[in-house]
Amino acid sequence: MSPEATTWLIAVALACFLVVTVGGLRWQGVLHSRADSAHRFTPARLTTGVCAAPLRRFTVDQAHRAMQLHIDCIITECPRKQHAYNVLVEEGHVRPDAGRTR
């Protein structure tokens, strides 16, 4: 096989790998998109553990990361985001708005 054909074969294989990997992560709900309402909280996400409440209390850094990862989740329906929010409130990193209902 010529070097040019080998290069094309590797490029196509890499492209296929990336498409399958990224598509799989989006399907599992790992990648979030603000514009994509399909990634809002769903019972399937809760049962797969993506939105499940953590087994141990988050550190402040973990809570910040969870809030970022679950930005599209509704706080009243996502136990993980609710836990992260509570940790940040308790540690003084978030001050709840008294006039806002969650």
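Numbers here are sequence positions counted from 1.
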Engineer: Which heavy-atom pair separates Arg80 from Val50 by the least distance, and what is that distance?
Structural biologist: CD-O, 3.5 Å
Engineer: Taking all heavy atoms of Ile75 and all of Gln82, pick out the closest pair and write down the distance.
Structural biologist: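 So the two residues come closest at O-OE1, 3.3 Å.
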Engineer: Got a second to check how far Leu69's CG is from His64's NE2, nearest 0.5 Å?
Structural biologist: 13.0 Å
Engineer: To the nearest 0.5 Å, how far apart are CG in Asn86 and CD in Glu90?
Structural biologist: 6.0 Å
Engineer: How many angstroms lie between atom SG of Cys78 and atom CD1 of Ile71, to the nearest 0.5 angstrom?
Structural biologist: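 These two atoms lie 12.5 Å from each other.
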Engineer: Taking ILVMFWY side chains as joined if any heavy atoms are under 4.5 angstrom apart, and letting links pass through other members, which residues group with Phe58?
Structural biologist: Val87
Engineer: Please report the shortest heavy-atom distance between Lys81 and Cys73, naming the atom on each side.
Structural biologist: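 Minimum heavy-atom contact is NZ-O, 3.0 Å.
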Engineer: Which heavy atom of Gln62 sits nearest to which heavy atom of Arg57, and what is that distance?
Structural biologist: OE1-O, 4.2 Å
